[in-house]
Amino acid sequence: DGGITQSPKYLFRKEGQNVTLSCEQNLNHDAMYWYRQDPGQGLRLIYYSQIVNDFQKGDIAEGYSVSREKKESFPLTVTSAQKNPTAFYLCASNKADRGNQPQHFGDGTRLSIL
Amino acid sequence: AQSVTQPDIHITVSEGASLELRCNYSYGATPYLFWYVQSPGQGLQLLLKYFSGDTLVQGIKGFEAEFKRSQSSFNLRKPSVHWSDAAEYFCAVGTFKAAGNKLTFGGGTRVLVKP
């Protein structure tokens, strides 16, 4: 079955360390997204990409970086500049069409600080 | 800029009772509206969507939602709640711009189901 795979499910970061969250999709979707979820705050958009080798900052991009070298993959790096990285991170994808295409979500990665 | 408000942070409902979750949006054009459900530690699953046409839309798991333009609302309803409906529910509005389409989410409503 087609879907979005996020790994790892749980991740721990040491102070000053960069960590990378993986997101892979086999839905043949053009667009991919990264969200951060904190309790009681809903989802906030970090980065999104409509096409390979191109991506845009979302609402809370500071301290994060992404790449989009392949259509299927959109990894997110949480850098040491992100001072409060503890959160649940969700990856999503959809057809890069009009705004009426629903986004499909992975099962998330929970990042904690050691 | 678009925004979505879900006024109720928590709702407790008895099993078998009806459920209504409120969603109000702010957007200058015709909105694309979505409801998602999230079980603990999981991703989001699409319940239903509204783009145009009939203002009452049916979704999965027995949910429906009604779009009311005059009230800028898109409330979610279920006639009879099951214990498995305990989850967090998110309303979202979609926008399309040259830079790509984006979703703006409300803060979510957590539903607790009493036996």
Side-chain angles (χ1 to χ4, degrees), chain A residues 3-10 23 25 27 29-52 54-61 68 74 87-111, chain B residues 1-10 21 23-25 27-53 57 59-60 65 67 87-110:
Chain A
I4 300 175
T5 301
Q6 290 188 241
S7 62
K9 191 169 180 67
Y10 300 95
C23 178
Q25 55 98 0
L27 299 167
H29 286 165
D30 296 298
M32 297 186 74
Y33 308 80
W34 274 107
Y35 293 91
R36 171 181 171 136
Q37 185 176 23
D38 296 281
Q41 294 194 39
L43 279 71
R44 293 181 290 168
L45 183 64
I46 305 173
Y47 269 98
Y48 62 107
S49 168
Q50 299 293 302
I51 194 170
V52 174
D54 186 48
F55 48 82
Q56 310 293 329
K57 291 183 179 180
D59 301 318
I60 55 165
R68 187 84 187 280
F74 191 41
F88 191 52
Y89 291 86
L90 286 162
C91 179
S93 71
N94 67 353
K95 296 180 182 179
D97 201 341
R98 300 170 58 83
N100 59 3
Q101 295 298 322
Q103 293 181 13
H104 299 256
F105 285 82
D107 284 338
T109 292
R110 186 165 300 279
L111 176 62
Chain B
Q2 66 276 6
S3 66
V4 179
T5 302
Q6 294 180 244
D8 304 304
I9 297 174
H10 293 101
L21 303 182
C23 172
N24 294 98
Y25 68 90
Y27 184 55
T30 300
Y32 302 130
L33 295 162
F34 306 86
W35 273 101
Y36 285 87
V37 61
Q38 183 182 34
S39 297
Q42 301 290 314
L44 276 66
Q45 180 183 21
L46 180 70
L47 284 176
L48 46 79
K49 58 190 178 186
Y50 171 78
F51 303 147
S52 64
V57 293
I60 63 171
F67 171 62
E88 190 155 21
Y89 293 79
F90 293 94
C91 181
V93 59
T95 61
F96 180 76
K97 299 181 180 179
N101 56 67
K102 296 168 60 175
L103 283 181
T104 299
F105 286 86
T109 298
R110 184 169 297 278

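These numbers were taken from a predicted model, which means no experiment stands behind them. Chain letters run A, B, ... following the sequence lines, proteins first and then strands; every chain starts at 1.
- Heavy-atom pairs under 4.5 Å with chain A were tallied for Q42(B), R110(B), Q6(B); the largest tally goes to Q42(B).
- Counting all heavy atoms, side chain and backbone alike, F105(A) lies closest to L90(A) at CD2-CB, 4.2 Å.
- Heavy atoms of I9(B) lying under 4.5 Å from chain A are absent altogether.
- Contacts between Q38(B) and chain A at a heavy-atom distance below 4.5 Å involve the side chain alone, from C-beta outward.
- Checked against ring-ring contact (aromatic ring centres under 6.0 Å, His included), Y50(B) has the following partners two or more places apart in sequence or in another chain: F67(B).
- Of the atoms belonging to D59(A), it is side-chain heavy atoms, and not backbone ones, that fall under 4.5 Å from chain B.
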Chi angles and distances behind the side-chain contact (heavy atoms from CB on, under 4.5 Å) call for Q103(A), Y36(B):
CA-CA 10 Å; Q103(A) 293 181 13; Y36(B) 285 87; 3.8 Å; yes
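- The two atoms that bring Y33(A) and Q50(A) nearest to each other are OH-NE2, 3.6 Å, heavy atoms only.
- With sequence neighbours excluded, the residues forming a salt bridge (charged side-chain N to carboxylate O under 4.0 Å, His left out) with D30(A) are K71(A), listed by chain and number.
- Comparing R110(A), Q6(A), Q37(A) by heavy-atom pairs within less than 4.5 Å of chain B, the highest count is held by Q37(A).
- The parts of L43(A) that come within reach of chain B are both its backbone and its side chain, each placing non-hydrogen atoms under 4.5 angstrom from that chain.
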